[in-house]
Amino acid sequence: MRRRAEFDGRWRCCWAGPPTGWCGVARKLPRTPGVACTAMADHPVLEGFSPAVREWFAASFPEPTPPQVQGWPAIQSGQHTLVCAPTGSGKTLTAFLSSIDRLVTSEPPEPKARTRVLYISPLRALAFDVEKNLRSPLMGIRLAAERLEVPFVEPTVAMRTGDTTSRERQQLGRRPPDLLITTPESLYLMLTSEIRNTLVNVDTVIIDEIHAMATTKRGAHLMLSLERLEQITRQSPQRIGLSATQRPLEEIAHFLGGHAADGGRRPVTIVDAGVRKPLEVDVVVPVEDMGAIGQVIPESLQSGPAHMALNPQRTSIWPSIYPRILQQVLAHRSTIIFCNGRRLTERLAARLNEAAEQEGVATNSPNGELVKAHHGSLARDQRVVIEDQLKRGELRAIVATSSLELGIDMGAVDLVIQVESPGAVSRGLQRIGRAGHSVGEPSKGTVYPKHRGDLLEAAVVTRRMKEGLIETSRFLRNPLDVLAQQIVAHVSMHPDCTVEEVGRTVRGAACFAELSDELLRNVLDLLAGRYPSDEFNELRPRLVWDRVNGTLRARDGAKRLAITSGGTIPDRGLFGVFLPDGTRVGELDEEMVYES
C-alpha cells in the first residue's frame with residue numbers, strides 16, 4: 001500500500017508496504033521528520049542514482065543492505081555481476097534499481113524495439129510475483145519526481161510466460177515494454193520468431209535463482225539463448241545473476257558470464273554477501289520408538305471392517321504427525337508446509353482440514369478450510385488465489401511442493417514445516433528461508449522425518465544447513481541434445497550462416513566452451529541427414545549443410561519444429577485435468593497419476 005507523509009510542511013512521497021516484501025527490507029519511516037531521510041538520501045552508495053530514486057529509497061528503507069552496498073557500484077559500472085545473498089536481504093532490488101533508474105530518467109528508443117531490460121525467472125509464479133511487486137517502487141519514484149519537480153519517464157512493465165495468451169503475446173509484439181519479465185522457454189520462443197526484433201535494444205539481463213538452473217540442461221539451454229541474444233542486440237547486454245544458495249561462486253560466475261568472441265572468459269564481479277541467516281531448525285520425532293513403525297498391530301487391537309483382517313494393520317507415524325503439525329499451525333500467524341511429492345501434499349492438506357474441523361477450529365477462509373495445497377499441477381489462477389489468501393490471513397497455512405521453494409514473496413510467514421528430509425542442504429535453506437523473509441529476522445523451521453533412515457538424513461542436512469555447508473554446484477558440459485535444438489532454431493532465423501559463425505556463437509556459453517570441432521561436425525552431420533548407421537533412417541534431416549562453402553540453411557518445417565518442440569524434456573510428463581464443461585483445472589504429473 002502507498003501513503004503520503006507530511007514532513008516540515010511539505011509532502012514527501014514514501015512507500016510503506018507490508019513488513020516483508022520482494023526487497024525484504026520494508027520498514028516504517030523514522031519518527032524524526034525529514035532529518036533521517038535526508039541523511040539517508042546522501043548515503044554514498046546512493047550517489048549514482050537520480051534524485052527521485054534516492055528520495056524514494058530514503059523514505060522507504062532504513063539503510064541499504066550488504067548486497068546493495070556491495071552490488072550497486074559494480075552494477076552501475078556495467079560489469080557482469082553475480083550476487084549471492086540470503087533470502088530476504090534485498091538482492092532482487094539490488095539487481096533492479098539501477099535498471100529502473102535508467103528507465104525513468106532516459107527517453108525510450110523507437111516504439112517497436114523499446115525493451116531494454118529482461119528479467120528471466122525459472123518459475124512462472126516467481127515472474128508473476130516480481131511483476132506485481134514492481135508497481136510500488138515505480139509509483140513511489142514517480143511521486144518523488146513530482147515532489148522534486150524533476151523529469152520522470154513512466155516505464156512499462158509486462159510479462160510473457162507459458163500462461164500468456166496469444167492475444168497478449170501479439171500485443172507485446174506491437175507495443176514492447178521497457179522491462180519484460182519472462183522465462184527461459186519464452187525467451188527461446190521470442191528469439192525463434194520475428195518478435196526478436198523487439199529485443200535489439202536490450203542492455204540488461206537479470207537471471208533470478210540462477211542456482212536452480214545452473215546444473216541442469218535447462219540452464220545450458222538458457223545460456224545458448226543468451227548467446228543468440230548477443231547476436232541481435234546493438235550492445236552486449238549486462239548479465240546479473242541472483243541466488244541465495246550456490247557454491248562454488250567461481251563456477252556459477254563462469255556459467256553466468258560465458259566466453260567472449262576471442263575465447264576468453266567474460267569477467268564477472270562476484271558479490272558475496274552470503275552471511276548465514278540465523279536459523280532455528282528443530283528435527284522432531286513425534287513417536288517414542290521409530291523402530292516400531294511398520295510393525296503389524298495385534299488382531300486384538302485392530303479396528304475397522306471385517307475385510308481389513310485380510311490386510312493386517314501396521315503402525316504408522318502419520319497419526320502422530322498430523323496433530324503436531326496442526327498444533328504448530330494454530331500457534332503461528334502464517335505457515336508453509338513443504339512436502340516432497342504432490343500426492344503427499346494433497347493428502348496432508350486434507351487430513352489437516354479434517355483434524356481442524358473435528359476440533360472446531362474457526363477459519364477465515366470462505367470455504368472454511370484451514371490450509372490448502374499448492375503445487376505446480378494447479379492452474380496459475382488457482383495458485384494466485386491461494387497465495388493471496390495466505391497473505392491476507394484467510395489461510396493459516398499452505399501445504400506446498402517445490403512450487404514455493406524459490407524466492408516468491410509469501411508475506412509474513414513465521415514458520416516453515418518440512419515433512420521428510422529436504423534431501424539437499426541448498427533445498428533446505430531455500431525452504432526454511434521462506435520464514436522470516438526480512439533482514440535480520442531468523443528463519444524458524446521444523447523437520448518431521450518419516451522413518452529411521454530419513455531421520456539420519458534430516459539430522460545431517462540440518463547440521464550442514466546451520467554450518468552453511470552447501471553442496472558443490474557444477475554446470476553441465478556439452479549436452480548435445482540441447483545444442484542440436486538451438487542450432488536448428490538459430491539457423492532457421494539466420495539463412496546461410498556459416499559453420500564458423502555457429503561454432504563461435506555456441507562456444508560463447510560456458511557449457512559449450514570446450515566443444516571440439518569434431519563434436520560440432522557430428523551434431524551437424526546428424527541434423528543434415530548423415531547418420532552413423534541405418535538405425536537412424538527414420539529421422540528426417542532439418543538442415544542443409546553446404547560443405548563446400550561451409551554454410552547452413554534450414555529445411556522446410558525446421559522453424560516450426562523448433563518452436564513446437566522448444567525447451568528441454570522435463571523429468572516427468574504432465575497430464576491436463578479438465579472439468580466436464582471444458583474448464584481447465586490444472587495438471588498432474590505422471591508419477592501422481594500412476595500412483596492414483
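The structure displayed is predicted, hence computed values, not measured ones.
To the nearest 0.5 angstrom, Arg347 atom CZ is 11.5 Å from Leu352 atom CG. The CD1 atom of Ile232 sits 8.0 Å away from atom OG1 of Thr198, with the distance rounded to the nearest 0.5 Å. Taken from CG in Asp208 to OG in Ser121, the straight-line distance is 6.5 Å, to the nearest 0.5 Å.
Under a 3.5 Å cut-off, the side chain of Ser186 and the backbone N or O of Thr182 do not form any donor-acceptor pair. Side-chain atoms of Thr164 come within 3.5 Å of backbone N or O of Thr161 as a donor-acceptor pair. Judged by distance alone, with hydrogens and angles left aside, the side-chain atoms of Arg396 form a donor-acceptor pair with the main-chain N or O of His332 at under 3.5 Å. Asn340 contributes no side-chain N or O that, together with a main-chain N or O of Thr401, makes up a donor-acceptor pair within less than 3.5 Å. Panel note: side chain Asp262, backbone Gly264; a donor-acceptor pair is recorded below 3.5 Å. Of the possible donor and acceptor atoms, one in the side chain of Arg196 sits under 3.5 Å from a partner among the backbone N and O of Met493. Not one N or O on the side chain of Asn201 forms a donor-acceptor pair closer than 3.5 Å with the backbone of Thr115. Put simply, the side chain of Gln68 gets close to the backbone of Thr65: a donor and an acceptor are under 3.5 Å apart. The main-chain N or O of Ser426 is found under 3.5 Å from a side-chain atom of Glu471 such that the two form a donor-acceptor pair.
In this structure, Asp282 does not pair ionically with Lys444, as no charged nitrogen and carboxylate oxygen lie closer than 4.0 Å. Salt bridge Glu250/Arg474: absent, no basic N to carboxylate O contact under 4.0 Å. Salt-bridge annotation for Lys450 and Glu457: absent, with no side-chain N of the basic residue lying under 4.0 Å from a carboxylate O of the acidic one. Taking the charged nitrogens against the carboxylate oxygens, Arg160 and Glu168 have no contact shorter than 4.0 Å, which rules out a salt bridge. Between Glu230 and Arg504 there is no salt bridge, since no side-chain N of the basic residue sits under 4.0 Å from a carboxylate O of the acidic one.
The salt bridge (charged side-chain N to carboxylate O under 4.0 Å, His left out) check on Arg228 picks up nothing, with sequence neighbours excluded. Looking at residues two or more places apart in sequence or on another chain, you find no salt bridge (charged side-chain N to carboxylate O under 4.0 Å, His left out) involving Arg169. Ala95 meets the side chain to side chain contact (heavy atoms under 4.5 Å, CB included) test with Ile206, Ile240, Leu242; sequence neighbours excluded.
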>> Before you tell me yes or no, could you show the steps for Ser443 and Arg434 under side chain to side chain donor-acceptor pair (under 3.5 Å), namely the whole-Å CA-CA distance, both residues' side-chain angles and the distance that decides it to 0.1 Å?
In response: CA-CA 7 Å; Ser443 296; Arg434 298 297 99 211; over 6 Å; no
>> Pair Val285, Leu455 - check side chain to side chain contact (heavy atoms under 4.5 Å, CB included), show working.
In response: CA-CA 8 Å; Val285 179; Leu455 171 61; 3.8 Å; yes
>> For Met223 and Phe512: C-alpha separation, side-chain torsions, deciding distance, then whether side chain to side chain contact (heavy atoms under 4.5 Å, CB included) applies.
In response: CA-CA 10 Å; Met223 289 305 154; Phe512 299 95; over 6 Å; no
>> side chain to side chain contact (heavy atoms under 4.5 Å, CB included), that's the test. Do Glu467 and Arg463 meet it? Break it down for me.
In response: CA-CA 6 Å; Glu467 295 174 354; Arg463 178 177 179 178; 3.3 Å; yes
> Taking it one step at a time, do Arg265 and Glu251 satisfy salt bridge (Lys or Arg N to Asp or Glu O under 4.0 Å)?
Replying inline: CA-CA 12 Å; Arg265 291 188 184 183; Glu251 178 85 354; over 6 Å; no
>> Lys466 vs Glu280, test: salt bridge (Lys or Arg N to Asp or Glu O under 4.0 Å). Steps then yes/no.
In response: CA-CA 9 Å; Lys466 292 187 175 182; Glu280 299 177 6; over 6 Å; no
> Passes salt bridge (Lys or Arg N to Asp or Glu O under 4.0 Å), Arg266 versus Glu227? Steps please.
Replying inline: CA-CA 12 Å; Arg266 297 187 182 101; Glu227 295 304 322; 3.0 Å; yes
>> For Gln76 and Phe49: C-alpha separation, side-chain torsions, deciding distance, then whether side chain to side chain contact (heavy atoms under 4.5 Å, CB included) applies.
In response: CA-CA 9 Å; Gln76 289 175 333; Phe49 294 103; 3.1 Å; yes
>> Working note: Thr446 + Gln418, criterion side chain to side chain donor-acceptor pair (under 3.5 Å); need CA distance, chi angles, decisive distance, verdict.
In response: CA-CA 6 Å; Thr446 302; Gln418 170 69 44; over 6 Å; no
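Here the side chains of Thr183 and Pro122 are not in contact, with every heavy-atom distance at 4.5 Å or above. Two residues are said to be in side-chain contact when any heavy atoms from C-beta on lie closer than 4.5 Å; Ile336 and Ile417 fail this criterion. Phe255 is not listed as a side-chain neighbour of Thr215, based on a closest heavy-atom distance of 4.5 Å or more. Two residues are said to be in side-chain contact when any heavy atoms from C-beta on lie closer than 4.5 Å; Ile325 and Ile337 meet this criterion. Leu180 has its side chain out of reach of Tyr119: every pair of non-hydrogen atoms, C-beta onward, lies at least 4.5 Å apart. Side-chain atoms of Thr462 and Leu279, non-hydrogen and from C-beta on, never get closer than 4.5 Å to each other. Looking at Ile195 and Leu172, their side chains never come closer than 4.5 Å, going by heavy atoms from C-beta outward. Looking at Leu179 and Ser99, their side chains never come closer than 4.5 Å, going by heavy atoms from C-beta outward.
Arg116 pairs in a side-chain hydrogen bond (donor to acceptor under 3.5 Å, both in side chains) with only one of the listed residues (Thr233, Asp203, Asp178), which is Asp178.
Listed here is the closest heavy atom pair of Val205 and Pro237: CG2-CB, 4.0 Å. Taking all atoms of both residues into account, the shortest heavy-atom contact from Ala220 to Pro479 is CB-CG, 3.7 Å. Minimum interatomic distance between Cys339 and Val399 (heavy atoms only, all atoms of both residues): SG-CG1, 3.8 Å. Closest heavy-atom contact between Pro64 and Val45: CG-CG1, 3.5 Å. Minimum heavy-atom separation, Arg507 to Leu520: NH2-CD2, 4.3 Å. Taking each heavy atom of Ala562 and Thr192 in turn, the nearest pair found is CB-CG2, 4.2 Å.
Side chain to side chain, Glu209 and Ser243 fail the donor-acceptor criterion of an N or O pair below 3.5 Å. For the 3.5 Å distance criterion, the side chains of Glu185 and His221 fail to qualify, holding no donor opposite an acceptor. Looking at His80 and Gln238, their side chains never bring a donor and an acceptor atom within 3.5 Å of each other. Side-chain contact check for Ser77 and Gln79: at least one donor-acceptor pair (N or O, by modelled atom type) lies under 3.5 Å. Side-chain contact of His374 with Gln382: a donor-acceptor pair under 3.5 Å is absent, judged by distance alone. At a cut-off of 3.5 Å, with distance as the only test, no side-chain donor of Gln485 or Ser565 sits close to an acceptor on the other residue.
The aromatic ring centres of Phe96 and Trp72 sit 6.0 Å or more apart. Within the 6.0 Å centre-distance limit, the rings of Trp56 and Phe61 are counted as a close aromatic pair.
Within a 6.0 Å sphere centred on CZ of Arg452, other residues, nucleotides and ligands contribute 12 heavy atoms or fewer.
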